[in-house]
Amino acid sequence: MCMAHEMKCTCGNRSVSFHFKDNIMPEQVIKGLYCPTCSNGIALDPSTMVSDNGWVIRYDMDAAKFMGEKHIKGKITPELLLDQGYCSWNGVYPGDNIDSVREREKIITLAKTDPVEYFKRLKSWAVERTEKLKNEGWRKAQNAA
């Protein structure tokens, strides 16, 4: 089971849904969220922060290490928390959980009328979308199959 939590960025203009893999991390592990606007000019501390296409997450690494020590093998870093989904965007990027549903809805209408075309378009959509997100530089898309 995975929990999701909504959080606003520091400037308050944007909101993000976070995913917590296996509920190992509590939402309090996120100490700060900065959208591309409010991240402009902040000093990135790689020991507590990770950047993804202008977005920055600041983690409470003491809490993350304490909560993860029994469940996560290896060194617990901000990159691991984001990239492996322990405390990450709900989807590939902030807002992906909303955008991908909207995009799929257009394809789903084919399921009842043309199932073969439905599967064909769904597969090509997924491949093309992943490639687009890789090219845009989203971290989680870089390791997508």
Side-chain angles (χ1 to χ4, degrees), residues 1-111 117-145:
M1 184 169 131
C2 299
M3 294 294 291
H5 174 72
E6 194 81 14
M7 182 176 195
K8 284 193 176 276
C9 65
T10 301
C11 70
N13 290 325
R14 310 261 312 260
S15 179
V16 173
S17 179
F18 278 91
H19 166 85
F20 298 90
K21 180 180 181 179
D22 300 329
N23 296 325
I24 293 169
M25 300 291 155
E27 63 191 62
Q28 292 81 8
V29 167
I30 302 171
K31 297 308 271 186
L33 173 65
Y34 308 87
C35 72
T37 301
C38 56
S39 70
N40 194 5
I42 66 165
L44 190 67
D45 176 0
S47 69
T48 61
M49 301 167 126
V50 64
S51 178
D52 190 13
N53 254 2
W55 286 83
V56 175
I57 306 169
R58 182 170 53 95
Y59 294 108
D60 179 338
M61 291 309 297
D62 291 333
K65 290 172 184 173
F66 177 77
M67 297 304 291
E69 69 184 352
K70 293 181 181 175
H71 305 283
I72 301 171
K73 296 190 183 343
K75 187 176 180 183
I76 298 174
T77 64
E79 290 83 7
L80 176 125
L81 295 175
L82 179 66
D83 297 340
Q84 299 302 313
Y86 290 103
C87 186
S88 183
W89 317 125
N90 190 358
V92 177
Y93 60 88
D96 183 40
N97 58 317
I98 297 165
D99 295 346
S100 63
V101 169
R102 190 179 317 122
E103 292 171 17
R104 275 194 313 264
E105 283 175 349
K106 295 174 185 173
I107 300 167
I108 289 173
T109 59
L110 288 170
E117 184 64 20
Y118 162 72
F119 284 116
K120 183 177 153 185
R121 286 211 193 147
L122 191 61
K123 183 178 177 182
S124 66
W125 168 78
V127 170
E128 290 166 8
R129 187 172 199 277
T130 299
E131 193 59 34
K132 174 183 163 266
L133 296 174
K134 281 182 186 180
N135 290 335
E136 289 175 0
W138 293 105
R139 293 178 66 95
K140 288 173 73 178
Q142 302 309 313
N143 297 321

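For the numbers below, each heavy atom of this structure counts, side chains included, while hydrogens, waters and symmetry mates do not.
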[X]: partners by side chain to side chain contact (heavy atoms under 4.5 Å, CB included), with sequence neighbours left out:
X    : answer
E117 : L110, D114, K120, R121
Q84  : L80, Y86
F119 : none

With side chains defined as the heavy atoms from C-beta onward, is the minimum distance between [X] and [Y] less than 4.5 Å?
X   : Y   : answer
P36 : R14 : yes
I30 : C87 : yes
M7  : F18 : yes
L81 : V50 : no

Please find the pair of heavy atoms, one from [X] and one from [Y], that lie closest to each other, and give the distance.
X    : Y    : result
E136 : W138 : OE1-NE1, 3.2 Å
L44  : P46  : O-CD, 3.3 Å
Y118 : I108 : CE1-CA, 3.8 Å

Would you give the length of the straight line joining atom [atom1] of [X] to atom [atom2] of [Y], rounded to the nearest 0.5 angstrom?
X    : Y    : atom1 : atom2 : answer
E131 : L133 : CD    : CG    : 9.5 Å
N53  : C35  : CG    : SG    : 13.0 Å
N135 : T130 : CG    : OG1   : 11.0 Å
E79  : M49  : CD    : CE    : 12.0 Å

* For residues W55 and W89, establish whether the separation of their ring centroids is below 6.0 Å. =>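 Aromatic pair counts; centres sit under 6.0 Å.
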
* **Listed once per pair and sorted, the salt bridge (Lys or Arg N to Asp or Glu O under 4.0 Å) pairs that draw on residues 31-52, sequence neighbours left out** => none

Could you tell me which residues satisfy side-chain hydrogen bond (donor to acceptor under 3.5 Å, both in side chains) with [X], sequence neighbours excluded, listed by chain and number?
X    : value
S88  : K140
T109 : none
S15  : E6

Enumerate donor-acceptor pairs with a distance under 3.5 Å from any side-chain N or O in residues 97-104 to protein atoms, sequence neighbours excluded.
from: D99; atom 1: OD1; to: R102; atom 2: NH1; distance (Å): 3.4
from: D99; atom 1: OD2; to: Y93; atom 2: OH; distance (Å): 2.6
from: S100; atom 1: OG; to: D96; atom 2: O; distance (Å): 2.9
from: E103; atom 1: OE1; to: W125; atom 2: NE1; distance (Å): 2.9
from: E103; atom 1: OE1; to: R129; atom 2: NE; distance (Å): 2.7

* Hey, does the side chain of S39 reach the backbone of G54 with a donor-acceptor pair shorter than 3.5 angstrom? -> yes

* Asked: Quick check: does any side chain N or O of T48 sit under 3.5 Å from a backbone N or O of Y59, one acting as donor and the other as acceptor?
  ->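 Side chain of T48 to backbone of Y59: no pair is present.
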
* **Residues in salt bridge (charged side-chain N to carboxylate O under 4.0 Å, His left out) contact with K123, at least two apart in sequence or another chain** =>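 Partners of K123 by the salt bridge (charged side-chain N to carboxylate O under 4.0 Å, His left out) criterion come out as none, since no residue qualifies.
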
* Is it true that K132 and E128 have a side-chain N and a carboxylate O under 4.0 angstrom from each other? ->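 Result for this pair is no, no salt bridge flagged.
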
For residues 60-71, which side-chain N or O atoms pair as donor and acceptor with protein atoms under 3.5 Å away, sequence neighbours left out?
from: D60; atom 1: OD1; to: D62; atom 2: N; distance (Å): 3.2
from: D60; atom 1: OD1; to: A63; atom 2: N; distance (Å): 3.0

